Amino acid sequence: QLEFITPFQLYFNPDLIFRKFQIWRLITNFLFFGPLGFSFFFNMIFLYRYCRMLEEGSFRGRTADFVFMFLFGGFLMTLFGLFASLFFLGQAFTIMLVYVWSRRNPYIRMNFFGLLNFQAPFLPWVLMGFSLLLGNSIIIDLLGIAVGHIYYFLEDVFPNQPGGKKLLLTPSFLKMVFDTPEEDPNYNPLPEDRPEHQPRDQDHNEQQHPQ
């Protein structure tokens, strides 16, 4: 908005990324949501709201898994962007978060601007229809829904199927960075560190103030 940089320096361009080594475009294309306006604030509100609800809900205490979902979704969207003329993927990322949250909270009733009442799993499709009414392309919304469904299926559905298993395994280095280490259940403290061997305050006072 202050014109220090322009969208032309941020958009996704495989040619500039791989031939001119402008690697930052792999990240910056997710960070631009257009000029200030209704669409911009709409995306910001939904990104904040559903990112927060996921982090405080199904990903509570699992920060590394939360970050891995970001990386997995961003990777799939980038792959798709290599074969399609997509310049900014931030809105698709927002829709992915909304989709994952909605599938994990299927019984929550939603109200859209006081006009529509529906259950949470329909929210991504309602947003896509709203985007269509605003005259925007729905390719980005469909991409977010597709990537969100792939993550949800691999993480929540397939492992619970007969013969299924968990395919999305969070790398250990992410757990080392983001998750607090668990206490070793086999840890045996030294005798002097055990609570029963700690001197009580009363005994200490009696020693200092003998009668």
Side-chain angles (χ1 to χ4, degrees), residues 1-57 59 63-102 110-116 123-152 171 173-174 177-178:
Q1 298 303 312
L2 299 177
E3 298 183 354
F4 291 127
I5 56 176
T6 70
F8 295 103
Q9 296 172 285
L10 307 176
Y11 77 100
F12 184 79
N13 186 319
D15 186 63
L16 293 177
I17 292 172
F18 296 109
R19 295 188 180 182
K20 299 294 182 66
F21 302 105
Q22 296 182 7
I23 306 299
W24 66 83
R25 293 178 183 271
L26 290 172
I27 299 175
T28 57
N29 79 90
F30 287 98
L31 306 179
F32 183 74
F33 290 87
L36 288 178
F38 182 79
S39 180
F40 174 84
F41 289 109
F42 190 78
N43 275 286
M44 287 297 100
I45 290 172
F46 273 78
L47 181 63
Y48 169 78
R49 174 178 173 83
Y50 291 98
C51 187
R52 177 179 177 178
M53 288 198 294
L54 279 174
E55 186 175 12
E56 295 180 350
F59 285 101
T63 305
D65 295 336
F66 192 48
V67 173
F68 183 64
M69 180 187 69
F70 277 42
L71 297 176
F72 177 79
F75 176 75
L76 287 186
M77 293 176 193
T78 300
L79 280 183
F80 187 85
L82 293 175
F83 305 101
S85 299
L86 300 177
F87 302 116
F88 296 104
L89 300 172
Q91 184 174 333
F93 191 84
T94 301
I95 295 295
M96 179 195 76
L97 295 177
V98 171
Y99 185 91
V100 173
W101 177 86
S102 67
M110 309 292 296
N111 183 283
F112 192 72
F113 291 130
L115 300 175
L116 292 175
L123 179 59
W125 304 100
V126 172
L127 294 180
M128 186 181 72
F130 182 69
S131 181
L132 186 63
L133 289 177
L134 292 177
N136 300 325
S137 172
I138 62 172
I139 299 299
I140 290 291
D141 298 76
L142 287 173
L143 174 60
I145 290 174
V147 173
H149 182 74
I150 292 172
Y151 177 83
Y152 171 75
F173 78 90
L174 287 179
V177 173
F178 292 103

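A quick note: this is a predicted structure, and the numbers were derived from the prediction, not measured. Note that the numbering runs from 1 along the sequence shown for the chain.
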Answer yes or no: is there a side-chain heavy-atom contact under 4.5 Å between Met69 and Leu54? yes
So do Tyr151 and Met96 actually touch side chain to side chain, heavy atoms under 4.5 Å? no
Where is the tightest heavy-atom contact between Gln91 and Ser131, given as atom of each residue plus distance? NE2-OG, 3.8 Å
Does the side chain of Pro35 come within less than 4.5 Å of Phe40's, by heavy atoms? no
Look up atom CZ in Phe80 and atom CG in Leu143, then write down how far apart they are to the nearest 0.5 Å. 5.5 Å
Taking the side chain as everything from C-beta on, heavy atoms only, tell me whether Thr28 gets closer than 4.5 Å to Tyr11. no
Can you tell me how far apart CZ (Phe46) and CZ (Phe41) are? Round to the nearest 0.5 Å. 15.0 Å
Compare all side-chain heavy atoms of Thr78 with those of Phe12 and state whether any distance is below 4.5 angstrom. yes
Under 6.0 Å between the ring centres of Phe88 and Phe32? yes
Counting C-beta onward and ignoring hydrogens, is there a side-chain heavy-atom pair between Ser102 and Trp125 closer than 4.5 Å? no
When rounded to the nearest 0.5 angstrom, what is the spacing between CD1 in Ile138 and CD1 in Ile145? 8.5 Å
Quick check on the 6.0 Å ring-centre criterion: do Phe178 and Phe66 meet it? no
Could you measure the distance from the CD1 atom of Ile17 to the CZ atom of Phe21? Nearest 0.5 Å is fine. 12.0 Å
Determine whether Leu76 and Phe72 make a side-chain contact, defined as any pair of heavy atoms from C-beta on separated by less than 4.5 Å. yes
Over all heavy atoms of both residues, which pair between Gly148 and Val100 is shortest? Give the atoms and the distance, please. O-CG2, 3.9 Å
Are more than 12 heavy atoms, taken from residues, nucleotides or ligands other than Tyr48, located less than 6.0 Å from that residue's OH atom? no
Kindly compute the distance separating CZ (Arg25) from CG (Asn13), expressed to the nearest 0.5 Å. 6.0 Å
Rounded to the nearest 0.5 Å, the CZ atom of Phe59 sits from the OG1 atom of Thr63 at a distance of 10.5 Å
In sequence, state the C-alpha distance, the side-chain angles, and the governing distance for Thr94 and Phe33, and then conclude on side chain to side chain contact (heavy atoms under 4.5 Å, CB included). CA-CA 10 Å; Thr94 301; Phe33 290 87; 3.8 Å; yes
Would you please indicate yes or no on a ring centroid separation below 6.0 angstrom for Phe130 and Phe42? yes
Heavy-atom closest contact (Ile140 atom, Ala92 atom, distance): CG2-N, 3.3 Å
Using only atom types and a distance under 3.5 Å, with no angle test, would you say the side chain of Gln9 pairs donor to acceptor with the backbone of Thr6? yes
Carefully, step by step, assess Phe70 and Leu97 under the rule side chain to side chain contact (heavy atoms under 4.5 Å, CB included). CA-CA 9 Å; Phe70 277 42; Leu97 295 177; 4.1 Å; yes
When you measure from the side chain of Asn29 to the backbone of Leu26, do you find a donor-acceptor pair of N or O atoms at a distance under 3.5 Å? yes
Any heavy-atom pair between the side chains of Leu116 and Asn111 that's under 4.5 Å? no
So Leu10 and Leu31, side chain to side chain contact (heavy atoms under 4.5 Å, CB included) or not? Walk me through it. CA-CA 8 Å; Leu10 307 176; Leu31 306 179; over 6 Å; no
Chi angles and distances behind the side chain to side chain contact (heavy atoms under 4.5 Å, CB included) call for Cys51, Phe93: CA-CA 10 Å; Cys51 187; Phe93 191 84; over 6 Å; no
Might you confirm whether atom CH2 of Trp24 has over 12 heavy atoms from other residues, nucleotides or ligands at distances under 6.0 Å? yes
Around Phe38, counting heavy atoms of other residues, nucleotides and ligands shown, do more than 12 lie under 6.0 Å from its CZ? yes
Least distance between heavy atoms, Val147 atom then Gly73 atom: CG1-CA, 3.7 Å
Please give me the minimum heavy-atom distance between Ile95 and Gly144, naming the atom from each residue. CG2-C, 3.9 Å
Tightest non-hydrogen contact, residues Gln1 and Leu36, listed as NE2-N, 3.4 Å
